[in-house]
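Read the structure below first, then the notes.
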Amino acid sequence: MLPHPGSNCDNFSGRRRGRVRWRAGTVRRVIDRRKLAAGLTLERQVYATNRPRSEAAASVGAAHLIASVPMTWMAKWAGGFPLYLAEARGNRVTDIDGHTYVDFALGDTGAMAGHSPAPTVDAIRRQVETVGGITAMLPTDDAAWVAEELSGRFGMPFWSFALSATDANRWALRLARAVTGRPMVASFAYGYHGTVDETFVVRDDTGATVARVGNVGPAVPPAQTTRALEWNDLASVEAALAPGDVAVVITEPALTNIGIVLPEPGFLDGLREICDRTGTLLLIDETHTLSAGPGGCTQAWGLRPDIVTLGKSFAGGIPIGAYGLSNDVAVRLHDLVVSTDADIVDVGGVGGTLAGNALSLAAARATLADVFTAEAFEHMIALATRFTAGVQDTLDRHDLPWSVVQLGARAEYRFARPAPRTGTESAAAGDDEVEEYLHLALANRGILLTPFHNMALMCPETSVADVDLHTEVFAAIVGAVCT
Ligand SMILES: Cc1ncc(COP(=O)(O)O)c(C=O)c1O
């Protein structure tokens, strides 16, 4: 990301989540780099000129906030300073300079249910104002309802709650190591599962596991805990699991944090088969891929995980995470805790004071019951299909060597054609300059994309007109920088 002069975010707005400098040769042939540079300069000027209040707020924030923002990821914003939020409803966000945007970023999936969905807001009000009790370290009925609902959707009969997908993954990895008695974890290169130490791995040219660039303060070199796998490469899975010391493979059912990289036919079946043969558990992280339908890819594709993790969106934006265990894993866990000193009810490293609180479960119940319905997903997925077709149309018109990939209610364009097959290929297809131009040009025309990538997500309130606006603007801004 190129810095915006004078912004305090500059020092912090480096590459993240696999954003690598331009390497692929294909883009340059059709994107006119001089037009792109001129377009980028102009879009930066327009962005800054029209948002004096956000820029001023960012410089006030610089006094006492690390990276000028409440959480350092918020520094990752094209234009050098983030938009400051005035209000958000449905799929519309308004900044403090008075600009309203069609929001396809949706809080990087945290707001996939739309901003402040009415059923969730009602449930939050009821819990806070009428019932009383935000967090009491006491269970409420909502927990059993939500667990039963998640069981129906994902097939895992036993659930526990966290406050983030990161924590759900961390705790699930601990449980997997505990029940298998194995020390290692396997994770796909350029997969992302939150700030989970074990997963910041990639493969070097020889296939050896190495830390991902930018890894901050690792407790140990991650190769000591993890074997890095390559997506869509069953040989890499065979090799990593063959020694029999891997407790669990943690993966999304499609990579969604390095563009969207879908599994090739047979890949997930092969992964399951190797896990079965080597006695390795399979953890499917559905935090983003819940976009595939009410039960994520697990339901939509008939997957057979041993553990499912979730987070971000299913309490309508109120912090929550969850992990579900298969019957077999739950029985093994039960046997372990009754026969050893493994401690899951106090200070054994699984759990958190505010996890499973009354408020987040009330919000999850309402969101699952009344917002994330089968009909809502049907609507969202149809819109993502329309979005994808609109983007493809522009790519075809200019014969651009880019690709667009859809996964249920989300779609993402990537600067490579054919679409990358692996995380490593997809990382190599990054192009910071094009990406900043697209994000700024869209924002200047009233559209937000997820700042970490080129992802567009539909929520129940997204409309055909919103998608068509993107199609029209995308065609114009891409056309303006093509040769
Ligand atoms: C697949 C996946 N799992 C887990 C996480 C972690 O979510 P959180 O940062 O809300 O803990 C993310 C975040 O992007 C994610 O994409």
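As the structure lists them, so they are numbered: ligands from 1, and atoms in each ligand from 1.
Glu264 CD: more than 12 foreign heavy atoms inside a 6.0 Å radius. Within a 6.0 Å sphere centred on CE of Met71, other residues, nucleotides and ligands contribute more than 12 heavy atoms. More than 12 heavy atoms of other shown residues, nucleotides or ligands fall within 6.0 angstrom of atom CD in Glu238.
Side-chain contact between Leu449 and Glu412 is absent, with no heavy atoms from C-beta onward closer than 4.5 Å.
Counting heavy atoms closer than 4.0 Å to ligand 1, residue Thr166 contributes atoms from both its backbone and its side chain. Contact annotation for Thr195 and ligand 1: no heavy atom of the residue comes within less than 4.0 Å of the ligand. Only side-chain heavy atoms of Asn169 come within less than 4.0 Å of ligand 1; its backbone N, CA, C and O stay farther off.
Against a heavy-atom cut-off of under 4.0 Å, Ser164 is close to the following atoms of ligand 1: 11 (O).
Across all their heavy atoms, Trp171 and Ala355 have their closest contact at CH2-CB, 4.1 Å.
Of the candidates Gly321, Gly194, Pro253, Gly191, it is Gly194 that places a heavy atom closest to atom 6 (C) of ligand 1. Looking at Asn257, Thr251, Thr109, Thr287 and measuring to atom 16 (O) of ligand 1, the nearest heavy atom belongs to Asn257.
On a distance-only criterion, Thr256 and ligand 1 share no N/O pair closer than 3.5 Å. Looking at His288 next to ligand 1, an N or O pair under 3.5 Å apart turns up. For ligand 1, none of its N or O atoms has an N or O atom of Trp73 under 3.5 Å away.
A distance below 6.0 Å separates the ring centres of Phe188 and Trp231.
A salt bridge links Lys312 with Asp108: at least one charged nitrogen is closer than 4.0 Å to a carboxylate oxygen.
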